[in-house]
Amino acid sequence: MRKNIFLKIFLGYLAVLTLVFSATVTSSFKIIRSNYIHTTRDFLKRPSIAVRDLTKPMLENKDLEKLNAYVGDLGRRMGIRITVIDKKGRVLADSEKDPLLMENHGNRPEVTSALRGSPKSATRYSTTLKKYMLYYAIPYRSKEHVLGVLRLSIPLNNIDTLLDSLKKRILEVALIVLLISILAGLILSRIISEPVRRLADSFKSNGKWSPGVNVSVESEDEIGELAKGFNTMAERLESSFTEISHQRNELESIISSISEGLLVLDREGKIIKYNKAAEYISDIKDIQGKYYWEAFLSRDLQEFVSKGIEGPSRKEIILKNRTFIVSITPVRPVDLSVVVMHDITELKEMDGLKRDLVTSVSHELRTPLTVIKGFTETLIEENKEKAGPDNKYLSIIKHNTDRLINIVRDLLELSSLEDKESRLNIEDVDLKALIQAVLTGLSEQAKAKGLSLNSSVSQTPVVVRGDAFRLEQLFTNIIDNAIKYTDKGSVDISISSDANYARVEIKDTGIGIPREHLRRIFDRFYVVDKSRSRKLGGTGLGLAIAKHIAELHTGSIKVDSAPYRGTSFTVILPC
Ligand code: ADP
């Protein structure tokens, strides 16, 4: 960091310095040279007219010897080379060379221009004198004609000598300036990079930044501001870290204190969080980072979780000889799943005890109730002839005994369905025939209420694998309810099937069931309107029995209803 920023600043500074320096030197050399040429040209221009006027008569008289001697003398005295050229470009006189030895000068640019009538200057290497020269040529005129050209020239080696010595001087100065600049650059780069280095150093402790570290840069410039900003940020970060770790500890303690087993799984099913209760239920010791199927060797749990990762669900699962309600909830934004395992073993045992108690009591009640019913009927029979209140009381006793007998019957029915030992007599059952038999049995009841009992059946026979006796019970309960809770209109039954399932829909035009009760009507003893159910001889167990039978057949029952618009039950059974 230090090396980088320091070198960057310093090398940048050096590059700029060199660029500025060479640009200045080059352009100043150019300016000096062009100024020198300009001044020298003026120096040649000024005497050119006088020299031309002095030499013109000799040219006109073709007195070349005199002209050459004059030009030679004048040139020496003026320190200028003077050349006279005729209109064909031949050199007639020259102050420094023998004109006879000189080549034709007609093609020299300044001579060509002057022969056309325009004075012109040029700088060029003279092949005659082997020097860089500045030339200035003007025409000799006689009326409209050009007689020849007067050319004055001076060597430019003066300027080169001047520039050479200037160059030397400049280089000396430049070297000193460069050394001073490098020194200044070093100091400057250090001044700039040092606080940044200190800033970076403060940030690092053992090569890593840690929250809450204070940056000690006190400069008043932007870097000082930056340091202050970092300090504020570090403080905030530290308090955020403290808060987060506090929250995390709190969460950990809450999670570990709950008695339900809790697992958090990632997308692949790896356990990324768990509590003690979950570890206790698991089959291995350290479950952190293990896949759930490694930690829990239950096939039921594995199947349930693998399905549950897609959507929330719950199921009763036996783990280590205990019963759990296991629920899984995918947490979409973070792609995790939360599994909660609630131990219901005690509840289950209590439930079993209750059920056993109910079954025993029902068993015990059945015989005395039958006896009471028998004697009541006998008494009614005996009192048939006598008028009086006795008969009315006896009828009430009989009605309630019947009710009790029905309840006992349904309770025993339910407990036999719940008994794990009980088996279904599975055979091929023709649903059409079975439902027809149920309808025949209930037709009188429907007729008595003035209801039409209709069934629409698909052409093909609908055969399911099931227990005919239990299925008859199921449909009797539902169709009996439909008739009971419908005062006018109809009860329609439709049977359909596909490759996998048979569907039976029982639709009535009765009183319907309010939405808030729909969820619970399959519970034992749950009735919507107690007095109505009682009046109609209901026990509150009919739907519980029906649901149990459907589930024993791995089927299901759905209900759809609205008050005063009727109810529709759909029974789905696998074919
Ligand atoms: P019940 O012996 O009282 O009929 P069920 O378990 O058969 O008991 O039914 C539970 C309750 O569901 C009934 O009391 C009644 O309120 C409601 N119910 C069942 N079937 C219907 C229906 N077809 N129309 C309206 N309510 C119904």
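In each ligand, atom 1 is the first atom listed, and ligand 1 is the first ligand listed. Given the structure is predicted, the values throughout are model-derived calculations rather than measurements.
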Completion exercise
among protein heavy atoms, the one nearest atom 23 (N) of ligand 1 is D508 OD2, 2.9 Å
Problem - Contact with ligand 1 for F522, non-hydrogen, under 4.0 angstrom - result: no
Practice task
May I ask you to say whether R248 pairs ionically with E252, meaning some side-chain N is under 4.0 Å from a carboxylate O?
Solution key: no
Exercise for the section: Would you mind running through ligand 1 and noting each atom that sits below 4.0 Å from a heavy atom of A482? Expected result: 23 (N)
Handout entry: More than 12 heavy atoms from other groups under 6.0 Å of CD on E364
Key = no
Handout entry: Residue and atom name of the nearest protein heavy atom (relative to atom 26 (N) of ligand 1), distance in Å to one decimal
Key = I513 CG1, 3.3 Å
Problem - Sub-3.5 Å N/O-N/O distance, L543 and ligand 1 - result: yes
Problem - N or O pair under 3.5 Å between V527 and ligand 1 - result: no
Fill in the blank from the handout: So the atoms of ligand 1 within less than 4.0 Å of a heavy atom of G540 turn out to be 1 (P), 2 (O), 3 (O), 6 (O), 8 (O)
Handout entry: Heavy-atom gap K484 to ligand 1 smaller than 4.0 Å
Key = yes
Exercise for the section: Look at atom 3 (O) of ligand 1 and say which protein heavy atom is nearest, naming residue and atom and giving the distance to 0.1 Å. Expected result: S533 OG, 2.6 Å
Practice task
Check whether more than 12 heavy atoms from other residues, nucleotides or ligands sit under 6.0 Å from atom NZ of K447, and answer yes or no.
Solution key: no
Problem - Main-chain N/O of S452 paired with S490 side-chain donor or acceptor, under 3.5 Å - result: no
Practice task
Check whether any side-chain N or O of K432 sits under 3.5 Å from a backbone N or O of V462 as a donor-acceptor pair, and report yes or no.
Solution key: no
Handout entry: Protein heavy-atom partner closest to atom 13 (C) of ligand 1 - residue, atom, separation in Å
Key = Y485 OH, 3.4 Å
Problem - Interfacing atoms of ligand 1 (cut-off 4.0 Å, heavy-atom, G542) - result: 5 (P), 6 (O), 7 (O)
Handout entry: Proximity flag T539 to ligand 1, non-hydrogen atoms under 4.0 Å
Key = yes
Practice task
Return yes or no for this condition: an N or O of A544 is under 3.5 Å from an N or O of ligand 1.
Solution key: no
Exercise for the section: Under 4.0 Å from a heavy atom of V528: give me the atoms of ligand 1 that qualify, with their elements. Expected result: 14 (O), 16 (O)
Practice task
Using a cut-off of 6.0 Å, state whether more than 12 heavy atoms not belonging to K507 lie near its atom NZ.
Solution key: no
Practice task
Would you confirm whether D410, through its side chain, and L541, through its main-chain N or O, come within 3.5 Å as a donor-acceptor pair?
Solution key: no
Problem - Shortest protein heavy-atom distance from atom 19 (C) of ligand 1, along with the residue and atom involved - result: N481 ND2, 3.6 Å
Problem - ligand 1 contact by G510, heavy-atom criterion under 4.0 angstrom - result: no
Practice task
Name the orientation class of the two ring planes belonging to F569 and F522 (parallel below 30°, tilted from 30 to 60°, perpendicular beyond 60°).
Solution key: perpendicular
Exercise for the section: For the pair D480 (side chain) and T476 (backbone), establish whether a donor and an acceptor sit closer than 3.5 Å, ignoring hydrogens and angles. Expected result: no
Practice task
With heavy atoms of G538 as the reference, note each atom of ligand 1 found under 4.0 Å away.
Solution key: 1 (P), 2 (O), 3 (O)
Practice task
Please say whether more than 12 non-hydrogen atoms of neighbouring residues, nucleotides or ligands are located less than 6.0 Å from NZ in K276.
Solution key: no
Handout entry: Distance-only N or O hit between ligand 1 and Y526, under 3.5 Å
Key = no
Handout entry: Other residues, nucleotides, ligands: >12 heavy atoms within 6.0 Å of R465 CZ
Key = yes
